[in-house]
There are 2 protein chains.
Amino acid sequence: MSETRWLSESEMAMWVAYLSATHLLERRIEDQLKVDSGLTHAQYEILARLSEHPDARLRMTELARRLIISKSGLTYQIGQLERRGLVTRTTCPSDERGVFAVLTEEGSRCLERTAPEHVAVVRAFLIDRLTPEEVETMRRIMTKAVAAMEAAPAGPLRSSPPGKSPG
Amino acid sequence: MSETRWLSESEMAMWVAYLSATHLLERRIEDQLKVDSGLTHAQYEILARLSEHPDARLRMTELARRLIISKSGLTYQIGQLERRGLVTRTTCPSDERGVFAVLTEEGSRCLERTAPEHVAVVRAFLIDRLTPEEVETMRRIMTKAVAAMEAAPAGPLRSSPPGKSPG
DNA sequence: TACGGCTTGTTCAAATTTGAACTAACCACT
DNA sequence: AGTGGTTAGTTCAAATTTGAACAAGCCGTA
């Protein structure tokens, strides 16, 4: 194994600030959503993703994949949303195993009612504090990171493809 | 109330990528830490913050504030770490109520043993994919966001200070 | 010294999240 | 049709996280 490359002062400052910002923002978002609509952030994201799609429906696995949450976690949250009448489950015609999560009319209204305040929080603490160039840089950075993680297989990091360990 | 300023395409792309990257990275970090040391990310951060300080100790409330977790959450995690012998509790001499979380020798060794792989993950999926300029921009962005959220009081957003509502 | 008002840390119940185990269904190939 | 290997979604137990309630200690002021 190679010697550890520790983080530089600048890198460390970035990483610590990133962690803090993420947690602080998450807390602000949760607080706002709870007060204004009784939704959690996870639930809001489910409604938002569904609303972006034709027929406002998505298969469970696909939705979980996009939200980066576990399948069981999604099952739980869809249950909560269903209980509140914001989402319905529909079996998939072409695949007997499949389940569509479908946004209801009321779910759509709830989302429309909640979105403005939610967007306001994201703007107030992040987006409106950035220059257009910073928004663009951040978009590029995050998109790169997502691509890297979606491409890389799970498990230990390798500098070379699996099975090529020197011996 | 003013009309909602929705996110532009670029802003939305940034926000969605940010959420995905955050969750994906968190998952990668959790997986690596679990495999290599049996620690959670929260626990690792506790050890890391303690190690940065003289005497490797911090008061509970201060530690919770820095990590952006609840006091009860910290109580729980310190309990876990104490059970594993990585941390000890010490009462504060100058304040009978106070409790210091103290990194033990074993905790220190655990951290040293674990840190290289942890840093490797953060590098592999984020830092090493950024140019020095991007690191700097990201540091600036995140630092700004943290400052904004630490300064702003909890509760609904206001464009003007409290008590100044027009009427 | 005694008295409110805060602050500290813990306990507790409730909500959420995850991975493992499981059932059912799909699919390629015989 | 039958078989083995995969995928979809749920159920379950265990771990974690939070806010509210609480007991104890601090502190300025009467």
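Quick note on labels: first sequence line is chain A, next is B, and so on, each numbered from 1. Values in this document were obtained by computation on a predicted structure and should not be read as measured data.
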If I take atom [atom1] in residue [X] and atom [atom2] in nucleotide [N], what distance separates them, rounded to the nearest angstrom?
X      : N       : atom1 : atom2 : value
H41(A) : dT18(D) : NE2   : C1'   : 17 Å
I68(A) : dT18(C) : CD1   : C1'   : 15 Å
D31(A) : dT17(D) : CG    : C1'   : 14 Å
E26(B) : dT16(D) : CD    : C1'   : 13 Å
H23(A) : dT17(D) : NE2   : C1'   : 12 Å
E45(B) : dT17(D) : CD    : C1'   : 17 Å
L81(A) : dA15(C) : CG    : P     : 15 Å
E30(B) : dT17(D) : CD    : C1'   : 13 Å

Quick one: is [N] close enough that its OP1 or OP2 comes under 4.0 Å of any side-chain N or O from [X]?
X      : N       : answer
Q77(B) : dT17(D) : yes
Q80(B) : dT16(D) : yes
R27(B) : dT17(C) : no

Which of dT17(D), dA25(C), dT18(D) is nearest the side chain of A42(B)? It is dT17(D)
State whether the side chain of [X] and the backbone N or O of [Y] hold a donor-acceptor pair below 3.5 Å, judged by distance alone.
X       : Y       : answer
E82(A)  : R89(A)  : yes
R28(A)  : F125(A) : no
R49(B)  : L58(B)  : no
T91(B)  : V99(B)  : no
R139(A) : M12(B)  : no
R129(A) : A124(A) : yes

*asked:* Using a 4.0 Å heavy-atom cut-off, does R65(A) contact any base of the nucleic acid, only the sugar-phosphate backbone, or nothing at all?
replied: nothing
Exercise for the section: Report the C-alpha separation of L74(B) and I46(B) in whole Å, then their side-chain angles, then the decisive distance to 0.1 Å, and conclude whether the side-chain contact (heavy atoms from CB on, under 4.5 Å) test is met. Expected result: CA-CA 9 Å; L74(B) 181 58; I46(B) 290 173; 3.7 Å; yes
By nearest-nucleotide position on DNA chain C, the 5'-leaning member of K34(B) and Q43(A) is Q43(A)
Quick tally for nucleotides 1-13 of chain D: nucleotides whose base has a protein heavy atom under 4.0 Å get B, sugar-phosphate-only ones S, the rest -, giving ------BSBBB--
